[in-house]
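These notes concern the structure reproduced below.
Just so you know, residue 1 is the first one in the sequence shown, and it goes up from there.
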Amino acid sequence: MHFTIKRLKMINSRISVGLLLGIALLTTISCQPEKKKRSLNFPKTDLSSENMIPKPLKVIATEGGFALDRYTAIRTATTETGFVDVGIFLAEKINLKTGLDVPVNKGVSADEEGVIYIDRADSLELNAPEAYTLTITADSVLLSSNTAAGAFRGAQTLRQIISETSNDTLAAYKVWTIPTGKIIDGPNFEYRGAMLDVARHFFSVADVKKYIDLLAYYKYNVLHLHLSDDQGWRIEIKSWPKLTEIGGSTEVGGEAGGFYTQNDFKDLVTYAAKHHITIVPEIDMPGHTNAASVSYPILNGNGKTPQLYEGTHVGFSTFDTRKDTVYAFIDDVVREITAISPGPYFHIGGDESHVTKKNDYIYFVEKVEKIVQKHGKKMIGWDEIGQADIDSTSTAQFWNSKEYADRAVKKGMKIIMSPAKKTYMDMQYDTLSKYGLHWAAYIPVDTAYVWTPEEYEGIPMANILGIEAPLWSETISTIDELEYLAFPRAIGYSELSWTPKENRDWEGYKVRLANQAPFLDRMDVKYYPSPLIDWKKSKYSYEEIKKD
């Protein structure tokens, strides 16, 4: 079909010059006769009532529909890094949901009726790295962002507003509806993270990739991997091979353990990057270090002969913080991990180092900060690092101590909000939960959502880098058990991270959450079906999947 100048203007006045030239060229060379546009009588739709999580900043509904069907194509900016990849990703996800094979940048077909454009735009209503706009008409969908990351976030929104089932009354073929209107959106916080403890129990590359798939759908941009602890060392360090040979050989309960080779880790980093997620590696120290010390006893500083540990007690281990060999070891570890971690951060742990003398702890953190900076990264540590004399480029993760978090704020440091009694996904939902602990609190689905990170414990908004929801693995060892604890709470944390507080409310959220069930079931997620939520019925119920 031909594209008229009038239609081009209707698409978006800010469409890129490169894309305009491409469309003009296709118009010039097309020899197909003018074809009458199909007319489908859509029922009234309301974009503002769609079940989008996290909730967008602004939605303007126009009550029409775009037909996603066998005549739909995707076109992207081709000269801008990453935009073609977003188009290919979106086509793959549309295929998984609908079975449609939507061509990407294939050239104009005589049968083409509707186009999804993914374009770079320098001028948006929101000037933020992950901001985007979606403009949806009966003829076209225009997804615009000034970054590929923003386009990718917008693609997740588009996935969420495609109808769950086809409307077979509209045509003789299957049609999925996308409601018309405009979405203007961008994140509240730049850091939107989840943490997975692969040290207490090891999770495979495939398990972590599935977790990445789910996090990306809800616009997370960070996955923090807790790679070492008393019970296990989970990443290959070529200059210290016994770390995985010995330290990676067990886990809580005496199971087989495991570790990632550096190639495994690079595979995870690459997979995460395709989903615009940064992996933050953590090596916990000077406490939580028994697995390292049993591998290399020269590192040990607690005065006891280290043995492989399979329990869950904490606080008994420490490095010898006054030994030069320890810092040579740390330099090697940081060097090898940062070489395969393109993100800006390296997490040093620093929590619950109860047998390390205070002066030794402070000395250690200050030394390790310099090692991390030497290798071109910014240091993150749990809130205890706020005791040390460190600079404002380092970040404290507030999990327990307001006092230490306040000290970090006084140093001008950024804070990642992870208060245990609100965000720890290893906490039980209630007294009937099959997995999890409750030392911090029981955290049902409403408690996980109904709090205000922007005002929590008086931490200034200007100092908050973002939110992270940790999942410690003392009580879980399979992906099914991981999903039970993480979902649906991880969905709520995504909204707390992305959506400003004035747009958040529990009553509206719980309805949108209920309607996530078809996606979760399609992804075979063994989520906890909280009785607080009136879950939408889908093709496969949670119980049916659980029996498979």
request  = Please assess Lys182 against Glu125 for the test salt bridge (Lys or Arg N to Asp or Glu O under 4.0 Å), listing each intermediate value before the final yes or no.
outcome  = CA-CA 12 Å; Lys182 187 169 185 177; Glu125 284 87 343; 2.9 Å; yes
ask   = Knowing that exactly one of Lys97, Lys536, Arg159 qualifies, which makes a salt bridge (Lys or Arg N to Asp or Glu O under 4.0 Å) with Glu164?
value = Lys97
inquiry  = Please enumerate all residues that pass ring pair (Phe, Tyr, Trp, His ring centres under 6.0 Å) together with Trp451, with sequence neighbours excluded.
reply    =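 Trp451: ring pair (Phe, Tyr, Trp, His ring centres under 6.0 Å) contacts with Tyr456.
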request  = Can you sort out the partners of Phe152 under ring pair (Phe, Tyr, Trp, His ring centres under 6.0 Å), two or more places apart, ordered by chain and number?
outcome  =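 If we apply the ring pair (Phe, Tyr, Trp, His ring centres under 6.0 Å) test to Phe152, skipping adjacent residues, the hits are Phe89, His276.
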ask   = What do the steps show when you test Glu112 against Arg75 for salt bridge (Lys or Arg N to Asp or Glu O under 4.0 Å), and what is the final call?
value = CA-CA 12 Å; Glu112 189 174 291; Arg75 305 201 186 288; 2.6 Å; yes
key: Partner of Arg192 by side-chain contact (heavy atoms from CB on, under 4.5 Å), out of Tyr493, Trp498, Tyr218   =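 The passing option is Trp498.
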Are the side chain of [X] and the backbone of [Y] linked by a donor-acceptor contact shorter than 3.5 Å?
| X | Y | value |
| --- | --- | --- |
| Thr147 | Pro129 | yes |
| Thr338 | Ser341 | no |
| Arg120 | Glu80 | no |
| Asn221 | Glu190 | yes |

With distance as the sole criterion, is a donor-acceptor pair present between the side chains of [X] and [Y] under 3.5 Å?
| X | Y | result |
| --- | --- | --- |
| Gln397 | Glu468 | yes |
| Asp267 | Thr270 | no |
| Thr137 | Ser140 | yes |
| Thr261 | Lys266 | no |

Answer yes when [X] and [Y] have at least one side-chain N-carboxylate O distance shorter than 4.0 Å, and no when they do not.
| X | Y | value |
| --- | --- | --- |
| Arg504 | Glu454 | yes |
| Lys210 | Glu483 | yes |
| Arg200 | Asp197 | yes |
| Arg153 | Asp185 | no |

query = Should the pair Tyr191 and Tyr345 be assigned to parallel (<30°), tilted (30 to 60°) or perpendicular (>60°) ring geometry?
reply = perpendicular
request  = Could you check whether the rings of Tyr271 and His275 sit parallel, tilted or perpendicular, using 30° and 60° as the cut-offs?
outcome  = tilted
Residues, nucleotides or ligands: over 12 heavy atoms within 6.0 Å of Lys209 NZ =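 Correct, the count exceeds 12.
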Heavy atoms from other residues, nucleotides or ligands near CG of Asp534 exceed 12 (cutoff 6.0 Å) = no
Is any side-chain heavy atom of [X] less than 4.5 Å from a side-chain heavy atom of [Y]?
| X | Y | result |
| --- | --- | --- |
| Val445 | Tyr429 | yes |
| Val205 | Val208 | no |
| Pro470 | Thr423 | yes |
| Ile476 | Leu485 | yes |
| Val198 | His201 | no |
| Lys510 | Leu532 | no |
| Tyr484 | Ser433 | yes |
| Leu214 | Val525 | yes |

task = List the steps and the verdict of side chain to side chain contact (heavy atoms under 4.5 Å, CB included) for Tyr211 and Leu196.
result = CA-CA 9 Å; Tyr211 200 35; Leu196 179 60; 4.2 Å; yes
Interatomic spacing from CG in Leu47 to CZ in Phe66 - rounded to 0.5 Å =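 Taking CG in Leu47 and CZ in Phe66, the distance rounds to 13.5 Å.
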Would you say the ring centroid of [X] lies under 6.0 angstrom from that of [Y]?
| X | Y | result |
| --- | --- | --- |
| Tyr527 | Trp535 | yes |
| Phe487 | Tyr528 | no |
| Tyr449 | Tyr509 | yes |

Do any side-chain atoms of residues 98-105 form donor-acceptor pairs under 3.5 angstrom with protein atoms, and if so which ones, sequence neighbours left out?
from, atom 1, to, atom 2, distance (Å)
Thr98, OG1, Ile94, O, 2.7
Thr98, OG1, Leu100, N, 3.0
Asp101, OD1, Asn95, ND2, 2.9
Asn105, OD1, Thr76, N, 2.8
Asn105, ND2, Thr76, OG1, 3.0

ask   = In a check of side chain to side chain donor-acceptor pair (under 3.5 Å) between Thr180 and each of Thr135, Thr62, Thr45, Asp46, which one passes?
value = Thr62
key: Working for side-chain hydrogen bond (donor to acceptor under 3.5 Å, both in side chains), residues Thr157 and Lys219   = CA-CA 9 Å; Thr157 300; Lys219 298 187 176 67; 2.7 Å; yes
